[in-house]
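This is the structure I want to talk about, given as structure tokens.
Just so it is clear: chains get the letters A, B, ... in the order the sequence lines come, proteins before strands, and each one is counted from 1.
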There are 2 protein chains.
Amino acid sequence: MISLAQQKNPDPTDFPSELEGLRMTKQRREVLAVILAERDHPKANDVFTRAQKRMPTISLATVYNCLEALVSHNLVRQVNLERESSRYCPNLTDHCHFQDEKSGKIHDVVFKDGVKLEDILELPQGTEVSHLEISLKGTFGQ
Amino acid sequence: MISLAQQKNPDPTDFPSELEGLRMTKQRREVLAVILAERDHPKANDVFTRAQKRMPTISLATVYNCLEALVSHNLVRQVNLERESSRYCPNLTDHCHFQDEKSGKIHDVVFKDGVKLEDILELPQGTEVSHLEISLKGTFGQ
DNA sequence: ACTAAGAATTAGAATAATTCCAAATTTTCA
DNA sequence: TGAAAATTTGGAATTATTCTAATTCTTAGT
Ligand SMILES: [Mn+2]
Ligand SMILES: [Mn+2]
Ligand SMILES: [Zn+2]
Ligand SMILES: [Zn+2]
């Protein structure tokens, strides 16, 4: 039995060669592995730096390409807060983002059970929501 | 009695020389007037173009300076959607933004009566929210 | 296996929104 | 009235991201 701590950094070779209809190239596999390895919200350049550790030849352009592919295939979430550069999130469950003003760090925040968008917003009938983003800023508890 | 339609474009000289502790210079007055003149969500460059009509000597740098001053004094709201350039909103009431995917246009959306943030999000106790942004994308009703 | 076609990667250049800078102008108020 | 402070201005700088065109890799059909 392997503890959670030990399997923090999954072996990229574990991913199948195709995921959600996306061809899993070496680089995409590595970028995805980098993002899944930690529960944080790195910027493209952070992903680049981390990916270079195991794959020194990868380029920043490729990291951007891979991120865009992974995001559009819903394997990674892209997170935009204010005017800052994009961040990437491994958490695919329904959640939103809280930025702690002290540390700049981003925390995942979940919705209370059973809350639905239609319950809180005055949307004209016929409206179809394809994308929703909620972000908060302030001082995070504890 | 003046109809709403007639007073759509307020005379900038109507604003007092100081507002919310912000010195109302000619340029700030003009930028604010431009934003209040229409209920849309123009980008900085749109504001610049409109301001130039009545004030041909104003510079883009000044428009950015004025916008930043007006936003930080809560006379105008800054709206950021995804990776697009910032937009500016004259509506100071509590609302969020819906971008219609067809037209790219942004619609104000209000919350249903009595909805409070604590009701919908699982925030650790002690959390202080200083800023909240909700944005949606999709096809807008009708 | 061989090969052509398509897809992905790469380095470096280009883009564009925004910020910075330093000089000129305007405003404040002692 | 005359500093001192604040604002405006044009232009340069910044920087995250996208684009380009050449190269490499992968796939599928033979
Ligand atoms: Mn924190
Ligand atoms: Mn619409
Ligand atoms: Zn997240
Ligand atoms: Zn608005």
Side-chain angles (χ1 to χ4, degrees), chain A residues 12-13 15-34 41-52 54-73 75-89 104 106, chain B residues 12-13 15-34 41-52 54-73 75-76 78-88 104 106:
Chain A
T13 57
F15 302 122
S17 78
E18 186 141 339
L19 226 54
E20 304 275 332
L22 178 70
R23 187 190 298 171
M24 267 296 136
T25 64
K26 282 200 312 284
Q27 289 85 352
R28 286 172 182 166
R29 191 189 310 279
E30 177 58 29
V31 166
L32 178 55
V34 159
H41 298 85
K43 300 179 178 184
N45 199 64
D46 302 325
V47 175
F48 176 50
T49 305
R50 296 179 197 174
Q52 276 186 312
R54 315 180 81 210
M55 188 180 276
T57 58
I58 198 172
S59 75
L60 179 56
T62 297
V63 169
Y64 273 103
N65 290 341
C66 293
L67 289 171
E68 127 86 25
L70 294 169
V71 167
S72 69
H73 287 76
L75 295 164
V76 166
R77 273 185 65 181
Q78 181 168 8
V79 178
N80 299 304
L81 299 173
E82 313 260 293
R83 300 270 78 215
E84 292 188 19
S85 32
S86 283
R87 296 169 177 273
Y88 298 88
C89 171
I106 291 170
Chain B
T13 59
F15 302 123
S17 76
E18 187 141 341
L19 226 55
E20 303 276 331
L22 177 70
R23 187 189 299 169
M24 266 297 136
T25 64
K26 281 201 312 286
Q27 288 85 353
R28 285 173 184 167
R29 191 189 310 279
E30 177 58 29
V31 166
L32 179 54
V34 159
H41 297 85
K43 300 181 178 183
N45 199 64
D46 302 325
V47 175
F48 176 50
T49 304
R50 296 179 197 175
Q52 275 186 311
R54 314 180 82 212
M55 187 180 275
T57 59
I58 198 172
S59 75
L60 179 57
T62 296
V63 169
Y64 273 103
N65 290 341
C66 292
L67 288 171
E68 126 86 25
L70 294 169
V71 167
S72 68
H73 287 76
L75 294 165
V76 166
Q78 182 168 7
V79 177
N80 299 303
L81 298 174
E82 314 260 292
R83 299 271 78 213
E84 292 188 20
S85 33
S86 283
R87 296 170 178 272
Y88 297 88
I106 291 170

Pairs flagged by salt bridge (charged side-chain N to carboxylate O under 4.0 Å, His left out) wherever residues 78-87 of chain A is involved - sequence neighbours left out: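 For residues 78-87 of chain A, and leaving out neighbouring residues, the salt bridge (charged side-chain N to carboxylate O under 4.0 Å, His left out) pairs sorted by first residue read Glu82(A)-Lys137(A), Glu84(A)-Arg87(A).
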Boundaries of the DNA chain C segment in contact with chain A, non-hydrogen, under 4.0 Å: dA7(C) to dT18(C)
Rounded distance (nearest 0.5 Å) linking atom CZ of Arg29(A) with atom CG of Leu32(A): 9.0 Å
Axis deviation across the helix from dA1(C)-dT30(D) to dA30(C)-dT1(D), five-pair ends, to the nearest 10°: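 End axes: 30° apart.
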Reading 5' to 3' through nucleotides 7-25 of chain D, protein heavy-atom contacts under 4.0 Å coded B for base, S for sugar-phosphate only, - for none: SBBB-----SBB-------
Qualifying residues under side chain to side chain contact (heavy atoms under 4.5 Å, CB included), relative to Ser59(B), sequence neighbours excluded: Ala61(B), Thr62(B)
Partners passing salt bridge (Lys or Arg N to Asp or Glu O under 4.0 Å) against Arg50(A) (at least two apart in sequence or in another chain): Asp40(A)
Sequence-distant partners of Gln78(B), side chain to side chain donor-acceptor pair (under 3.5 Å), two or more places apart: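 Partners of Gln78(B) by the side chain to side chain donor-acceptor pair (under 3.5 Å) criterion, ordered by chain and then number, come out as Ser86(B).
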By side chain to side chain contact (heavy atoms under 4.5 Å, CB included) - contacts of Phe48(B) (at least two apart): Asn45(B), Gln52(B), Ile58(B), Leu60(B), Val63(B)
Partners meeting side chain to side chain contact (heavy atoms under 4.5 Å, CB included) with Asn65(A) (sequence neighbours left out): none
Table please: side-chain donor-acceptor pairs of residues 15-25 of chain B below 3.5 Å, with sequence neighbours left out.
from     : atom 1 : to       : atom 2 : distance (Å)
Thr25(B) : OG1    : Arg28(B) : N      : 3.1

Partners meeting salt bridge (Lys or Arg N to Asp or Glu O under 4.0 Å) with Glu68(B) (sequence neighbours left out):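 Not a single residue meets the salt bridge (Lys or Arg N to Asp or Glu O under 4.0 Å) criterion with Glu68(B).
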Interatomic distance, Gln27(B) atom CD to Met55(B) atom CE [nearest 0.5 angstrom]: 5.0 Å
